[in-house]
Amino acid sequence: MANGVEREVGLSIFSDEELSEMSGIKRSGDHIEVTCGCTSHRYGDAVGRLRVFLNGDLEITCECTPGCQEGKLTPAAFEKHSGRETARKWKNNVWVIVNGEKVPLYKTVLLKYYNQSSKTGNGSSRSQNGRVVHRDEFFRCSRCSKERRFRLRLKEECRAYHDALADMDWKCSDWPYDKITCDDDEERASRKVYRGCTRSPTCKGCTSCVCFGCETCRFSDCSCQTCIDFTRNAKA
């Protein structure tokens, strides 16, 4: 028998082994569901049902009281509703039961596919402060092989990087920011580690800063019709 939700939808989110010790697991067509909660020192435990969808979206049905009218909540809203004194840290404060112990979400596999792109109506990837979440990327000049940084904060910047990836003859003079030539120095190696991730300045790639195809980086007029291909530059 196949693992995880593969048995029902042909696509595995989590394996049976990854979820084997979690309490209250249920599998459905497009998500898994697990018992979760958030603890307030004043009000005690607020319990709910966390749904993790195929696209990484998270949704909690609050069951703190039999008559709770909150309905579907984001993890951050559930944290606030529970009366948690140190709110705004839902990845630490919302827990699931693993092997009989309360374990914060950030220590589980449940955030593996979490992506901020599912939190906005237009499909673009944004953090809670409204900033577009796309990690800076580097691309090599076809002539001098020096790496140039591409900022991916705006749709126009994402398009410039998208087009550079598709151009086998891309060169320094095509850089969309300041006019440069192959004679200009490459960015210092000590600065390259800072890539603009909202989770960690030195992040090497996570679902909070690397977009896997949203309206900001996918373009209907491009024949590739795929999300940005990071592998080509990595192999350059």
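For clarity, every value in this text was computed on a predicted model and none was experimentally measured. We use all heavy atoms of the structure for the numbers below, so side chains are in, but hydrogens, waters and symmetry mates are not.
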Within the supplied structure, the quantity of interest is the number of heavy atoms (other residues, nucleotides, ligands) at a distance under 6.0 Å from K107 NZ; does it exceed 12? no
Step by step, would you call C62 with F78 a side-chain contact (heavy atoms from CB on, under 4.5 Å)? CA-CA 7 Å; C62 184; F78 176 69; 3.9 Å; yes
More than 12 foreign heavy atoms under 6.0 Å from NZ of K192: is that the case here? yes
Salt bridge flag under 4.0 Å for residues E187 and K146: no
Pair R149 + E147: basic N to acidic O under 4.0 Å: no
Quick check for you: to the nearest 0.5 Å, what is the distance between S142 atom OG and K171 atom NZ? 7.0 Å
Among all residues two or more places apart in sequence or in another chain, which pass the ring-ring contact (aromatic ring centres under 6.0 Å, His included) test with Y177? W175
For residues S28 and R51, determine if any side-chain heavy atom of one lies less than 4.5 Å from a side-chain heavy atom of the other. no
Closest non-hydrogen atoms of A164 and F150, given as atom of the first, atom of the second and distance, are CB-CZ, 3.8 Å
Would you say the side-chain atoms of R49 and T35 include a donor-acceptor pair closer than 3.5 Å? yes
Would you compute the distance between atom NE2 of H81 and atom SG of C38 and round it to the nearest 0.5 angstrom? 10.5 Å
Working to the nearest 0.5 Å, report the span between SG of C141 and CZ of R148. 7.5 Å
Run the side-chain contact (heavy atoms from CB on, under 4.5 Å) check on K26 and I32 step by step: do they pass? CA-CA 6 Å; K26 292 183 180 179; I32 66 164; over 6 Å; no
With a 4.5 Å cut-off on side-chain heavy atoms, are C36 and I60 touching? yes
Classify the ring geometry between F139 and W170 as parallel (under 30°), tilted (30 to 60°) or perpendicular (over 60°). perpendicular
So do the side chains of V52 and L58 get within less than 4.5 Å of each other, counting heavy atoms only? yes
Those residues at least two apart in sequence (or on a different chain) that pass side chain to side chain contact (heavy atoms under 4.5 Å, CB included) with L105 are L50, W90, V94, V96, T108, L110, L111
R84 vs N92 side-chain heavy atoms within contact, under 4.5 Å: no
What are the two closest heavy atoms between L152 and H134, and how far apart are they? O-CB, 3.1 Å
Would R27 and D16 pass as an ion pair if we require N to O under 4.0 Å? yes
Using the rule that two of Ile, Leu, Val, Met, Phe, Trp, Tyr join whenever any of their side-chain heavy atoms come within less than 4.5 Å, decide whether Y106 and V98 are in one cluster. yes
Distance col, row E157:CD vs R151:CZ, nearest 0.5 angstrom, shows 5.5 Å
side-chain contact (heavy atoms from CB on, under 4.5 Å) between I25 and E33, intermediate numbers included: CA-CA 6 Å; I25 289 289; E33 190 172 303; over 6 Å; no
Any idea which heavy atoms bring T181 and D184 closest together, and the distance? N-OD2, 2.7 Å
Can you find a heavy atom in the side chain of W95 that is under 4.5 Å from one in the side chain of D45? yes
Going by an N to O cut-off under 4.0 Å, is there a salt bridge joining R153 and D136? yes
Begin with the C-alpha distance, continue with both residues' side-chain angles, and end with the deciding distance and a verdict on side-chain contact (heavy atoms from CB on, under 4.5 Å) for L19 and V109. CA-CA 8 Å; L19 304 177; V109 298; 4.3 Å; yes
Working to the nearest 0.5 angstrom, can you tell me the gap between K102 NZ and T39 OG1? 3.5 Å
Taking all non-hydrogen atoms of both residues into account, name the closest pair between S40 and G83 and its distance. OG-O, 3.1 Å
